[in-house]
Student: 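Handing you a structure now.
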Amino acid sequence: SNISINNWIELVKIIKTNYKSFDGFVILHGTDTMSYTASALSFLIQNLTKPIILTGSQLPLGDLRTDAKEHLITSIQLARSVHDFDQDLKPTYWSNVIKEVCLYFDNKLFRGNRTTKVNSDQFKAYASFNYPELAESGVDLKINYNNVYKPINSDTVFYNKLDDRVSVLRLYPGISKEIVNYILSDNYSKVVIIESYGSGNMLDSKWFISEINSCLEQGKHVINVSQCPKGSVNMGKYESSIKLIDLGLISGKDITIESAICKSMFLLTQKTNYHSFKEMFEQSISGEIS
């Protein structure tokens, strides 16, 4: 729970230093913030040529019923390089096709920046609502080849900065003008992520639209991310979101809130203007949006 940007940057440095020496990397991580770390690393290390797999457990390693052992062993096997092929020329070990930051939990390998922790007291702690799993672990390891990320550029790029000037406003019925104003008008944040209803719907009252407009006039980037874990933002689908298009809000599409926060922190370091920030956010960098 104490994970910070500094920890993420330190992980990047460790991986960069040892990148050419290993076939892949396995990171053991607490479950509360693992999706955030996986998302952050997916932006900080781009065009991977080998897997980075985060895993953890719901029960400690010393517990008799722990899920830690299987998670660790399978993650290591998935992170291994390919040495043999079967008669159909498919790799005996599968990690040569995995070239991204992943999260392995409860017999499934997910794209890390698509995951969300959904359960605190069951072994099935993570879900990827808007993207299918990359692999399944049973008696055999089954890789879903069509789902793995395929980097366009083969040159791996490491970044060492994130900007924390990001705030989040979650809408709820009865939210006051004072609360909205307090979050949208602060002098520190450069990005405001609004967790909207359904397919990107928000209040269309005059005071709310006025607060958003004032926020935009301050030069802030306002991003529309749905509270729904499954589905996508589609501004204009309903009347309550038509005005948001005219205002020029950034669509989060089907991104997770964890990934939206980390992506915003990354893009703020890229010295983009308002329009290029919007364009870059609405495009996929590391497979985080469809």
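Please read all numbers here as calculations on a predicted model, not as lab measurements.
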Student: To the nearest 0.5 Å, how far apart are OG in S189 and CG in D164?
Tutor: 10.5 Å
Student: Is the shortest side-chain heavy-atom distance between R111 and Y149 below 4.5 Å?
Tutor: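 Yes, their side chains come closer than 4.5 Å.
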Student: Could you walk me through whether Y19 and T49 pass side chain to side chain donor-acceptor pair (under 3.5 Å), step by step?
Tutor: CA-CA 10 Å; Y19 192 69; T49 58; 2.7 Å; yes
Student: Which heavy atom in R165 sits nearest to a heavy atom in D163, and how many Å separate them?
Tutor: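 So the minimum-distance heavy-atom pair works out to NH2-OD2, 2.7 Å.
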Student: Hey, is the main chain of S42 close enough, under 3.5 Å, to the side chain of S286 for a donor-acceptor pair?
Tutor: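 Yes, S286 side chain to S42 backbone: donor-acceptor pair under 3.5 Å.
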Student: Please check if the side chain of S241 supplies one atom and the backbone of L244 the other of a donor-acceptor pair under 3.5 Å.
Tutor: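 No, S241 side chain to L244 backbone: no donor-acceptor pair under 3.5 Å.
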Student: According to side chain to side chain contact (heavy atoms under 4.5 Å, CB included), who are the partners of D121, at least two apart in sequence or on a separate chain?
Tutor: N119
Student: About how many Å separate CG of D204 and OH of Y238, when rounded to the nearest 0.5 Å?
Tutor: 14.5 Å
Student: Rounded to the nearest 0.5 Å, what separates atom CE in M202 from atom CG in L249?
Tutor: 5.0 Å
Student: If you count the non-hydrogen atoms of other residues, nucleotides and ligands that lie under 6.0 Å from OH in Y182, is the total more than 12?
Tutor: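 Not more than 12 within 6.0 Å, no.
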Student: Apply salt bridge (Lys or Arg N to Asp or Glu O under 4.0 Å) to E195 and list each qualifying residue two or more places apart in sequence or on a separate chain.
Tutor: R170
Student: Is the closest side-chain heavy-atom distance between F158 and I15 below 4.5 Å?
Tutor: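 In contact.
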Student: Under the side chain to side chain contact (heavy atoms under 4.5 Å, CB included) test, which residues partner D67, sequence neighbours left out?
Tutor: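 Side chain to side chain contact (heavy atoms under 4.5 Å, CB included) check on D67 returns S57, Q58, L59, H71, F105, F123.
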Student: For K220, which residues count as a salt bridge (Lys or Arg N to Asp or Glu O under 4.0 Å) partner, sequence neighbours excluded?
Tutor: D186
Student: Under 3.5 Å, side-chain donor or acceptor atoms of residues 264-272 against the rest of the protein: list the pairs with distances, not counting sequence neighbours.
Tutor:
unit_1: S264; atom_1: OG; unit_2: A260; atom_2: O; d: 2.8
unit_1: T269; atom_1: OG1; unit_2: F266; atom_2: O; d: 2.6

Student: For the side chain of S226 and the backbone of G198, is there at least one donor-acceptor N/O pair under 3.5 Å apart?
Tutor: yes
Student: Under 3.5 Å, is there a donor-acceptor pair between the side chain of Q227 and the main chain of L171?
Tutor: yes
Student: Using the rule given for side-chain contact (heavy atoms from CB on, under 4.5 Å), can you reason through I5 versus W8, listing the C-alpha separation, both sets of side-chain angles and the distance that settles it, and then say yes or no?
Tutor: CA-CA 5 Å; I5 288 176; W8 293 337; 4.1 Å; yes
Student: Is there a donor-acceptor pair under 3.5 Å between the side chain of T33 and the backbone N or O of Y36?
Tutor: no
Student: Could you tell me whether a side-chain N or O of S185 sits under 3.5 Å from a main-chain N or O of N181, the two making a donor and an acceptor?
Tutor: yes
Student: Taking 4.0 angstrom as the limit, do D23 and K50 come out as a salt bridge?
Tutor: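 K50 and D23: not salt-bridged.
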Student: So I223 and V191, side-chain contact (heavy atoms from CB on, under 4.5 Å) or not? Walk me through it.
Tutor: CA-CA 8 Å; I223 302 170; V191 173; 3.6 Å; yes
Student: Identify the residue among I45, T37, L54 that makes a side chain to side chain contact (heavy atoms under 4.5 Å, CB included) with V101.
Tutor: L54
Student: Show your reasoning for whether side chain to side chain donor-acceptor pair (under 3.5 Å) applies to N224 and S196.
Tutor: CA-CA 7 Å; N224 187 351; S196 58; 2.5 Å; yes
Student: Kindly give the heavy-atom pair with the smallest separation between I250 and M235, and that separation in Å.
Tutor: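 Closest approach of I250 to M235, heavy atoms only: C-CE, 4.3 Å.
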Student: Before giving the answer on side-chain contact (heavy atoms from CB on, under 4.5 Å), spell out for T156 and K16 the whole-Å C-alpha distance, their side-chain angles and the decisive distance to 0.1 Å.
Tutor: CA-CA 10 Å; T156 303; K16 182 179 181 181; over 6 Å; no
Student: Between T115 and F129, is a side-chain contact (heavy atoms from CB on, under 4.5 Å) present by the stated rule, with each step listed?
Tutor: CA-CA 8 Å; T115 61; F129 291 104; over 6 Å; no
Student: What distance do I98 atom CD1 and L109 atom CG have between them, rounded to the nearest 0.5 Å?
Tutor: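 CG of L109 is found 5.0 Å from CD1 of I98.
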Student: Indicate if I212 and V166 have the same hydrophobic cluster label, given that clusters are the connected sets of ILVMFWY residues with side-chain heavy-atom separations under 4.5 angstrom.
Tutor: no
Student: Would you compute the distance between atom CG of N107 and atom OH of Y104 and round it to the nearest 0.5 angstrom?
Tutor: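 If I round to the nearest 0.5 Å, the distance is 4.5 Å.
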Student: So which heavy atom on N2 is nearest to which on N7, and how close?
Tutor: O-OD1, 3.8 Å
Student: Applying the 4.5 Å side-chain criterion to the ILVMFWY set and letting contacts propagate, would V168 and V180 be lumped into a single cluster?
Tutor: no
Student: Hey, is NZ on K69 packed in by over 12 heavy atoms from elsewhere, all under 6.0 Å?
Tutor: no
Student: Examine distances only and state if a side-chain atom of Y126 and a backbone atom of T31 form a donor-acceptor pair shorter than 3.5 Å.
Tutor: yes
Student: Evaluate the side chain to side chain donor-acceptor pair (under 3.5 Å) criterion for residues D254 and S290: first the C-alpha distance (whole Å), next the side-chain angles of each, then the deciding distance (0.1 Å), finally the verdict.
Tutor: CA-CA 7 Å; D254 61 351; S290 301; 2.5 Å; yes
Student: Examine distances only and state if a side-chain atom of N18 and a backbone atom of I14 form a donor-acceptor pair shorter than 3.5 Å.
Tutor: yes
Student: How far does CD1 of I175 sit from CD of E178, to the nearest 0.5 angstrom?
Tutor: 10.5 Å
Student: Whether E288 and K263 form a salt bridge (side-chain N of Lys/Arg under 4.0 Å from carboxylate O of Asp/Glu) is what I want to check.
Tutor: yes
Student: Quick check: does any side chain N or O of Y131 sit under 3.5 Å from a backbone N or O of N147, one acting as donor and the other as acceptor?
Tutor: yes
Student: Within a 6.0 Å radius of atom NZ on K117, are there more than 12 heavy atoms belonging to other residues, nucleotides or ligands?
Tutor: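 Enclosed: over 12 neighbouring heavy atoms sit under 6.0 Å from NZ of K117.
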Student: Please check this pair: side chain of R114 against backbone of S39, looking for a donor-acceptor N/O pair closer than 3.5 Å.
Tutor: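 No, because the side chain of R114 does not come within donor-acceptor range (under 3.5 Å) of the backbone of S39.
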Student: Can you find a heavy atom in the side chain of Q46 that is under 4.5 Å from one in the side chain of Y159?
Tutor: yes
Student: For N273, I'd like to know if atom CG has over 12 heavy atoms of other residues, nucleotides or ligands within 6.0 Å.
Tutor: yes
Student: Of the non-hydrogen atoms in N130 and P229, which two are nearest, and what is the gap between them?
Tutor: ND2-O, 3.4 Å
Student: Between Y274 and L216, is any pair of side-chain heavy atoms under 4.5 Å apart?
Tutor: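 Y274 vs L216: side chains touch.
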Student: Under the rule for side chain to side chain contact (heavy atoms under 4.5 Å, CB included), what residues qualify as partners of E136, not counting sequence neighbours?
Tutor: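 In terms of side chain to side chain contact (heavy atoms under 4.5 Å, CB included), with neighbours along the sequence ignored, E136 is linked to E133, K142, N144.
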Student: When you compare the side chain of N47 with that of D155, does any pair of heavy atoms fall below 4.5 Å?
Tutor: no
Student: According to a hydrophobic-cluster definition based on side-chain heavy atoms being under 4.5 Å apart (Ile, Leu, Val, Met, Phe, Trp, Tyr only), do I193 and Y188 belong together?
Tutor: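 Different clusters.
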Student: Can you give me the closest heavy-atom contact between S35 and L103, atom names plus distance?
Tutor: OG-CD1, 4.1 Å
Student: For a 4.5 angstrom cut-off between non-hydrogen side-chain atoms, does S276 reach F281?
Tutor: no
Student: Taking it one step at a time, do E10 and N6 satisfy side chain to side chain donor-acceptor pair (under 3.5 Å)?
Tutor: CA-CA 6 Å; E10 183 64 24; N6 290 335; over 6 Å; no
Student: Please indicate whether K190 has more than 12 foreign heavy atoms, meaning atoms of other residues, nucleotides or ligands, lying under 6.0 Å from its NZ.
Tutor: no
Student: Between A127 and V118, which heavy-atom pair has the shortest distance, and what is it?
Tutor: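 Shortest heavy-atom contact: CB-CG1, 3.9 Å.
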Student: Using side-chain heavy atoms (C-beta onward) and a distance below 4.5 Å, is V225 in contact with I194?
Tutor: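 The answer is no; the side chains never approach within 4.5 Å.
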